[in-house]
A.B. asks: 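Mind having a look at this structure? Questions to follow.
Because the structure is predicted, anything quoted here is derived from the model rather than measured.
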Amino acid sequence: MDQRDVTQIAMQAAGAVKKGAALKYGAVIGVLFLIGLMLMGALTPLPTASASGCEDTGPGTGASVPDPGDSPPATGSVRAQQLTNAKTIDKVAQKLELPGQATLIALMTAMQESTLMNLDYGDRDSIGLFQQRPSMNWGTKQQIMNPAYSAESFYKGRGTNKGLISIKNWQNRPPGDVAQDVQGSAHPKLYAGHETAMRKLAKDADIDLSRAGSATAPESTDTETAETAAPVKCGVVGPEPGAGKGGTFTDGTATWKLDNPRSVKDAIAWARSNSGIGSSDVWLQRCLAFVAAAYGWNYSGVRYAIDHYTVVPASMRHDKDRNPPPGALMYWDTGHVAGHIAVYLGNGQVASNDISRPGYIDIVSADAFEKKWRAKYVGWTVPVFPRGG
């Protein structure tokens, strides 16, 4: 109940008092009671945010490239809204340094999926310009309904979902085929039919579809720096003198040679020594930065923990497998854009930030995130950092 509701009720009660003193006093008491309820609701503290909202908020792991301010709600006629949404889609492409061809494919896709309207409904739980589904790890409903967020997801992928830049040789393939590869539609031929109309709409929106750009988005537009990637109190970020480099890693069926600055053994030792009483308080919502530092990297090169899962080659990913070797990277979907990542130490334990103490690293059971945060386990990967530096 808002202030307008209370005011209306008060006016109605005031009109009723003419029927007698009893009604007058009853109306006044009723109004005061309702106002009291409203004030109690206003003064009641809101619940604190759950720690399962773990996002890496250090440089390079904070907000996504587009923010809500970049995509104001489209208003006006259908055509006006389509033009506004088209401009948002193109603006995101430009921020990601993608060519005009990427914008064209995104426009064709959005036209087929939502008629370029930011719909809050669709098949099952599909919503937004690209009809992405919260239940399929595209983000929360609120996030997907942000046109800039959903456009970035289409270009780069989200969670375990691939994006346009994940499609091999996408810039040289028919636009409709690329759209289908991203969306996986039951009607793959429909995207191509929108190309002519979208070229005209782009012209009306003053969008340059001939714009040059990169076939892949920047590895990181704002990555962690050497100064901020690891705790100041914990000494150097890189491998200590004499530390083993790279080494090998096996998942029981295949063996890989790693190029990490630290070996698996040394990474586990580093994670242990920087946890518990050895932890400093700088790791709040910086799980990806921590695991990168454990392996000797100054930065991961990826914004969000859950996105790192998709950066790792498919042959090195183990979906939902609960038997990782020591040193593996484990991932959870927390229902938030960032997700969570931790280093597996062996014997069912991981080194992780925030789970026991906000900002600190502690050694906990690997199932703690499901029990405490109600997170969904995604799987584990070989400890590689394709974009690390």
Side-chain angles (χ1 to χ4, degrees), residues 55-56 60-66 88-89 92-99 101-110 113 125-141 143-171 173 175 177-185 191 213-223 288 300-317 319 329 331-341 376 378-379 381 384-388:
E55 290 188 24
D56 287 335
T61 53
S64 189
V65 170
T88 296
I89 289 171
V92 174
Q94 292 186 58
K95 283 191 174 184
L96 297 175
E97 300 178 13
L98 296 172
Q101 180 74 354
T103 297
L104 173 62
I105 296 171
L107 292 178
M108 292 166 57
T109 304
E113 297 291 353
D125 60 336
S126 299
I127 52 175
L129 290 174
F130 297 91
Q131 290 291 282
Q132 294 152 342
R133 300 178 60 190
S135 64
M136 298 301 289
N137 299 321
W138 283 104
T140 65
K141 181 175 181 179
Q143 289 167 336
I144 297 172
M145 288 301 294
N146 175 356
Y149 174 94
S150 62
E152 186 197 43
S153 298
F154 175 80
Y155 291 130
K156 295 182 64 179
R158 188 73 64 179
T160 56
N161 301 295
K162 60 186 177 182
L164 178 142
I165 63 174
S166 305
I167 308 302
K168 185 177 180 180
N169 200 33
W170 68 265
Q171 69 275 25
R173 296 180 55 203
D177 292 352
V178 178
Q180 169 61 18
D181 284 351
V182 177
Q183 299 295 104
S185 171
Y191 298 106
S214 173
T216 59
E219 291 187 351
S220 177
T221 57
D222 187 18
T223 54
L288 183 54
S300 67
V302 181
R303 286 187 193 84
Y304 299 125
I306 201 68
D307 290 341
H308 191 267
Y309 191 77
T310 64
V311 169
V312 175
S315 62
M316 298 182 179
R317 301 197 296 256
D319 295 348
L329 307 181
Y331 304 77
W332 290 265
D333 177 354
T334 61
H336 297 73
V337 64
H340 193 73
I341 186 173
K376 180 181 178 182
V378 174
T381 69
V384 296
F385 297 84
R387 300 180 181 179

A.B. asks: One pair to check against side chain to side chain contact (heavy atoms under 4.5 Å, CB included): T216 and W170. What are the steps and the verdict?
C.D. replies: CA-CA 10 Å; T216 59; W170 68 265; 5.7 Å; no
A.B. asks: Is the closest side-chain heavy-atom distance between Q171 and P99 below 4.5 Å?
C.D. replies: no
A.B. asks: Output the distance between atom CG (N161) and atom CG (N137), rounded to the nearest 0.5 Å.
C.D. replies: 6.5 Å
A.B. asks: Which atom names give the shortest non-hydrogen contact between L98 and S214, and what distance separates them?
C.D. replies: CD2-O, 3.4 Å
A.B. asks: Within the side chain of D125, is there an N or O that forms a donor-acceptor pair under 3.5 Å with the backbone of S135?
C.D. replies: yes
A.B. asks: Output, in order, the C-alpha distance, side-chain angles, deciding distance and verdict of side chain to side chain contact (heavy atoms under 4.5 Å, CB included) for V178 and Q101.
C.D. replies: CA-CA 11 Å; V178 178; Q101 180 74 354; over 6 Å; no
A.B. asks: Is the side chain of R317 donor-acceptor paired with the backbone N or O of G379 at a distance under 3.5 Å, no angle test?
C.D. replies: no
A.B. asks: Could you check whether any side-chain heavy atom of K162 comes within less than 4.5 Å of a side-chain heavy atom of I167, counting everything from C-beta outward?
C.D. replies: yes
A.B. asks: Quick check for you: to the nearest 0.5 Å, what is the distance between M316 atom CE and L329 atom CG?
C.D. replies: 11.5 Å
A.B. asks: Under the rule for side chain to side chain donor-acceptor pair (under 3.5 Å), what residues qualify as partners of T140, not counting sequence neighbours?
C.D. replies: Q143
A.B. asks: Ignoring hydrogens and angles, tell me if any N or O in the side chain of Q183 forms a donor-acceptor pair with the backbone of F130 under 3.5 Å.
C.D. replies: yes
A.B. asks: Looking at R173 and D181, is there a salt bridge between them, counting it only when a charged N and a carboxylate O are closer than 4.0 Å?
C.D. replies: yes
A.B. asks: Show, in sequence, the C-alpha distance, side-chain angles and deciding distance for L164 and I105, and conclude whether the side chain to side chain contact (heavy atoms under 4.5 Å, CB included) test is met.
C.D. replies: CA-CA 9 Å; L164 178 142; I105 296 171; 3.7 Å; yes
A.B. asks: Identify the heavy atoms of V378 and D333 that sit nearest to each other, and give their distance.
C.D. replies: CG2-N, 3.6 Å
A.B. asks: Can you find a heavy atom in the side chain of I127 that is under 4.5 Å from one in the side chain of P134?
C.D. replies: yes
A.B. asks: Would you give the length of the straight line joining atom OG1 of T109 to atom CD of Q131, rounded to the nearest 0.5 angstrom?
C.D. replies: 12.5 Å
A.B. asks: Evaluate the criterion side chain to side chain contact (heavy atoms under 4.5 Å, CB included) for residue pair L288 and Y304; output intermediate values, then yes/no.
C.D. replies: CA-CA 7 Å; L288 183 54; Y304 299 125; 6.0 Å; no
A.B. asks: Just to verify, what does D319 make a side chain to side chain donor-acceptor pair (under 3.5 Å) with, not counting sequence neighbours?
C.D. replies: Y309
A.B. asks: So, the side chain of D307 versus the backbone of V302: is there a donor-acceptor pair under 3.5 Å, distance only?
C.D. replies: no
A.B. asks: Can any side-chain N or O of E97 pair as donor or acceptor with the backbone N or O of Q94 at less than 3.5 Å?
C.D. replies: no
A.B. asks: Let me confirm one number: the CZ-CZ distance from R303 to R387, rounded to the nearest 0.5 Å.
C.D. replies: 9.0 Å
A.B. asks: What residues form a ring-ring contact (aromatic ring centres under 6.0 Å, His included) with Y191, not counting sequence neighbours?
C.D. replies: none
A.B. asks: Classify the ring geometry of F385 against H308: parallel below 30°, tilted from 30° to 60°, perpendicular beyond 60°.
C.D. replies: tilted
A.B. asks: Is there a donor-acceptor pair closer than 3.5 Å between any side-chain N or O of E113 and the backbone N or O of L129?
C.D. replies: no
